[in-house]
Amino acid sequence: MHSNQYTLVYAAVLSILTAVVLAVAAEGLKPMQDENLALDTRSNILKAVRLDYTDRARINETYETAIEERVVNTAGEVLEEKPVQIDLKNQINKEPAERKLPLYIYTGEGGKKYYIIPLRGTGLWGPIWGYVSLADDFNTVYGAYFDHKGETPGLGAEIAEAPFQNQFEGKKIMDDGKFVSVNVWKTTYKSPLGNEHRVDAISGGTITSNGTDAMLKNCIAPYVSYFEKIGNKKQVALK
Amino acid sequence: MAAPTITDAPPIVKQKKEALFSKKNLQTLRDPLDDTNPITVQVLGICSALAVTVQVKPALIMALGVMFVTAFSNLIISLIRKSIPTRIRIIVQLIIVAMLVTIVDQLLKAYVYDVSKKLAVFVGLIITNCIIMGRLEAFALAQKPWPSFLDGIGNGLGYGLILVMVAVFREFFGAGSILGYKLVPQWAYDHGYVNNGLMVLPPAALFIIGLYIWWQRSRKEELVNVS
């Protein structure tokens with residue numbers, strides 16, 4: 001039987017050694033992990049405008065040529081910052097008027113513009129996030145992409161699957177000039193709003209569905225005044 | 001009676017050093033592939049076998065990850081086995097396994113990010129995979145480093161073999177492809193062939209493993225519990 005002292009020293013030395021090994025591994029691999037993370041973000045933004053690429057070079061090239069990054073506020077002004085400097089997690093907890101709102105503008109075929117809004121909310125087991133893109137009428141959803149950290153596979157995790165995300169295409173966020181968002185409702189729920197404002201919730205994933213619904217409302221609403229402002233500008237230009 | 005002399009003592013036979021791939025060592029490596037397979041015979045590590053076998057690529061990478069952890073945790077524990085205080089041996093084993101699992105996780109995030117996202121929580125859960133602690137307790141704590149390393153590789157391979165086999169079935173029948181390459185031709189779909197939706201769901205893995213266990217026991221009677 002080893003003495004208490006031996007046992008304690010053994011445990012301490014082993015802990016320090018493993019900590020050093022892990023620190024070296026984490027630091028050594030960090031640049032590559034950061035690069036992967038940045039690429040993943042770009043790929044997710046493109047998925048929101050229905051561009052699903054797996055090729056690294058293609059993602060970077062499309063992003064750099066077709067996406068414009070912008071940060072706006074609820075007063076409709078364009079701020080100096082870049083979206084990468086904005087921590088969405090902090091922003092969504094602030095009052096809408098105080099938020100800084102990252103926005104990605106995708107220029108598609110024929111110069112048509114799509115506005116991509118980043119989303120962040122909470123699911124059942126942890127954060128959920130995503131991007132939703134609006135056509136240039138600032139009303140019709142063009143595409144949506146969601147992901148999650150640890151929702152239950154087969155239930156809440158279904159928000160990251162195409163059948164759920166595809167439902168969003170063509171839905172409307174405005175009703176009679178008022179923001180109503182796209183709502184994630186159970187199929188049995190009789191809504192006063194038309195079908196263009198609803199998508200079906202995931203059966204067995206009620207809390208994640210509710211989280212997605214709240215995330216959409218909370219994250220899209222502050223952009224409305226900015227869209228109204230540039231929408232008016234466009235109308236003036238057309239006249 | 002005369003006192004025993006030095007010549008009466010048994011002769012000192014110089015022990016022959018065991019070859020690296022001796023019969024015994026090869027058996028240590030080979031047995032877990034079939035006779036003592038961790039999944040189908042020891043019935044360990046079933047959860048991940050159900051969860052990560054929808055496609056071949058994540059199954060393959062999970063298998064490599066587990067093999068890396070079983071092999072090196074066995075090796076490290078065997079190397080330090082004589083110095084480990086008995087009272088904290090489980091904690092020591094856990095620290096080593098946790099360190100290796102974290103390294104696997106970091107490597108996946110750096111080199112195969114998309115797969116690391118798919119495997120997500122399961123990589124972290126390698127630490128709770130009973131195969132690993134089982135091998136450490138049953139083998140590495142009492143054996144020399146080289147056989148322990150081989151035992152780890154063998155058990156990792158045995159686990160991986162089942163994982164990949166299940167994944168091949170599930171991806172082929174569930175998605176019509178293997179490793180992402182479409183194998184079921186378009187004309188088959190045009191003529192009414194439909195992918196089997198059940199294969200994508202976790203129960204399919206249970207059926208396939210069950211069928212495999214049935215087949216394995218029907219050809220190896222010694223595995224059947226006749227009591």
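- No more than 12 heavy atoms of other residues, nucleotides or ligands shown are found within 6.0 angstrom of CD on Gln5(A).
- Contact detail for Ala11(A) and Ile88(B): the closest heavy-atom pair is CB-CD1, 4.1 Å.
- With rounding to the nearest 0.5 angstrom, the OH atom of Tyr111(B) is 9.5 Å from the CD atom of Gln33(A).
- Within 6.0 Å of NZ on Lys94(A) lie more than 12 heavy atoms contributed by other residues, nucleotides or ligands.
- When all heavy atoms are compared, the tightest approach of Thr7(A) to Pro85(B) is OG1-CB, 3.8 Å.
- Heavy-atom neighbours of Ile207(A) CD1 from other residues, nucleotides or ligands within 6.0 Å: at or below the threshold of 12.
- Asp147(A) touches chain B through its side chain: at least one heavy atom from C-beta onward sits under 4.5 Å away, while N, CA, C and O do not.
- By the 6.0 Å contact criterion, OH on Tyr181(B) is open, its count of non-hydrogen atoms from other residues, nucleotides or ligands being 12 or less.
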Inset, instruction - I would like to know whether Asp40(A) and Asp114(B) meet side-chain contact (heavy atoms from CB on, under 4.5 Å); could you show each step before the answer? - result: CA-CA 9 Å; Asp40(A) 189 51; Asp114(B) 55 328; over 6 Å; no
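- Applying the 6.0 Å contact sphere to NZ of Lys182(B) captures more than 12 heavy atoms from other residues, nucleotides or ligands.
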Inset, instruction - Carefully, step by step, assess Lys109(B) and Leu29(A) under the rule side-chain contact (heavy atoms from CB on, under 4.5 Å). - result: CA-CA 9 Å; Lys109(B) 275 189 189 139; Leu29(A) 296 169; over 6 Å; no
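- Heavy atoms only, all atoms of each residue included: Tyr6(A) and Ser83(B) are closest at OH-O, 2.7 Å.
- Only the backbone of Ser3(A) has a heavy atom closer than 4.5 Å to any heavy atom of chain B.
- Of the listed residues (Val200(B), Ile84(B), Ile80(B), Ile103(B)), the one with the most heavy-atom contacts under 4.5 Å to chain A is Ile84(B).
- Between Met99(B) and Leu22(A), the closest heavy-atom pair is O-CD2, 3.6 Å.
- We find the OG1-CD1 distance between Thr18(A) and Ile95(B) to be 5.5 Å, quoted to the nearest 0.5 Å.
- The neighbour count for Tyr142(A) OH, taken as heavy atoms of other residues, nucleotides or ligands under 6.0 Å away, is above 12.
- Looking at Leu201(B), neither its backbone nor its side chain comes within 4.5 Å of chain A, counting heavy atoms on both sides.
- More than 12 heavy atoms of other residues, nucleotides or ligands sit less than 6.0 Å from atom NZ of Lys171(A).
- No donor-acceptor pair under 3.5 Å is formed between the side chain of Tyr113(B) and the backbone N or O of Met32(A).
- Counting non-hydrogen atoms of neighbouring residues, nucleotides and ligands closer than 6.0 angstrom, the CZ atom of Arg58(A) reaches no more than 12 such neighbours.
- Looking at Ile91(B), there are no atoms closer than 4.5 Å to chain A (heavy atoms on both sides), in backbone or side chain.
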